[in-house]
Amino acid sequence: MAKNSHTFSPLTFLLFLTFVATSHAGGIAIYWGQNGNEGTLSETCATGKYTHVIIAFLNVFGNRQTPEMNLAGHCNPSTNSCTKFSSEIKDCQSKGIKVLLSIGGGIGSYTLSSIEDARNVSTFLWNTFLGGKSSSRPLGDAVLDGIDFDIELGSTQNYQHLARFLKGYCRLGKRVYLGAAPQCPIPDKFLGTALQTGLFDFVWVQFYNNPPCQYNGNITNLVSSWNQWTKNVPATKIFLGLPAATAAAGSGFIPADVLSSEILPVIKKSGKYGGVMLWSRFYDLQTGYSSSISGSV
Ligand SMILES: *[C@@H]1O[C@H](CO)[C@@H](O)[C@H](O)[C@H]1NC(C)=O
Ligand SMILES: *[C@@H]1O[C@H](CO)[C@@H](O)[C@H](O)[C@H]1NC(C)=O
């Protein structure tokens, strides 16, 4: 081996500095919970591919309904068999992975009928999944890092109040992170008002099933929408939300090489860039999409 093979030339070093100054490293957030054949939480976290794991979904809440969680074939909350994931959540957290519970989803019955209802739901979430106490904790005593809003049906009202009440629990010690999964058209019908509070730490925008702002063989619409999100929406970090397989969404799948070579280099210039969100662990397991993009995220 040549003695100086690892020496940077001044020009290489300058290019390196330029790259560091204008590009931001991100993480990969993954939704887990809607397919019993996607492996456990511990297996998901042991891959080392993900920085955020979002457990989906609590899909019944609000308006005096008894809340319900649905984790597909993983376990049955009504027989308390989901508590087995408590130690797995702690295992993920010990690796530095943030674990959130997603409320909402595409199928369910949820709505916030009033500010008081939003307050009651926030109390329920705090006691049942966060730092509070309850005799009924479907995920056991693990304290989740936060709550993700994937609101796609029901009333559009009062989610800004739920966000405010949940963030209010931060003063009790451990930080409560807030995530949101709006659709890419701005403003999001269900979450637009809540996002304007500026209280959300991670906004993983769904750039799929949304032809006006997704990739369609041409990156123009997606990049222009991304620029509006990063300029106009006051969130701490914004993630590019994508399907991990063509079968994972009706439209909007981006081949990994296009994402890595054409899109990520452009969107990473924003200081608000947080990384890529993938739907879902099940599809990522089929395609290895996260592995294909991890060097570029
Ligand atoms: C909120 O909780 C309080 C206390 O449990 C209860 O009295 C009230 O009816 C609840 N309101 C709604 C809208 O669920
Ligand atoms: C991409 O779309 C934009 C806007 O619709 C258009 O102006 C541009 O020519 C397209 N680029 C390519 C390479 O097709």
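Residue numbers start at 1 and run along the sequence shown. Order of appearance sets the numbers: ligands from 1, and atoms from 1 within every ligand.
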Short side-chain to backbone donor-acceptor contact, Q214 and N210, under 3.5 Å: yes
F239 ring center near H52 ring center (under 6.0 Å): yes
Ring centres under 6.0 angstrom apart (Y31, Y283): no
Face-on cation placement of K237 at Y273 ring, 6.0 Å and 45° thresholds: no
Salt-bridge contact D201-K167 (side-chain N to carboxylate O under 4.0 Å): yes
Whether F202 and W204 hold their rings parallel, tilted or perpendicular, with breakpoints at 30° and 60°: parallel
Test of proximity, N218 against ligand 2: N or O pairs below 3.5 Å: yes
Anything under 3.5 Å between an N or O on ligand 1 and a protein N or O? List each pair with its distance, or write none.
{"from": "ligand 1", "atom 1": "2 (O)", "to": "N120", "atom 2": "OD1", "distance (Å)": "3.1"}
{"from": "ligand 1", "atom 1": "2 (O)", "to": "N120", "atom 2": "ND2", "distance (Å)": "2.3"}
{"from": "ligand 1", "atom 1": "9 (O)", "to": "R64", "atom 2": "NH1", "distance (Å)": "2.9"}
{"from": "ligand 1", "atom 1": "11 (N)", "to": "E116", "atom 2": "OE2", "distance (Å)": "2.5"}
{"from": "ligand 1", "atom 1": "11 (N)", "to": "N120", "atom 2": "ND2", "distance (Å)": "2.9"}
{"from": "ligand 1", "atom 1": "14 (O)", "to": "N120", "atom 2": "ND2", "distance (Å)": "3.2"}

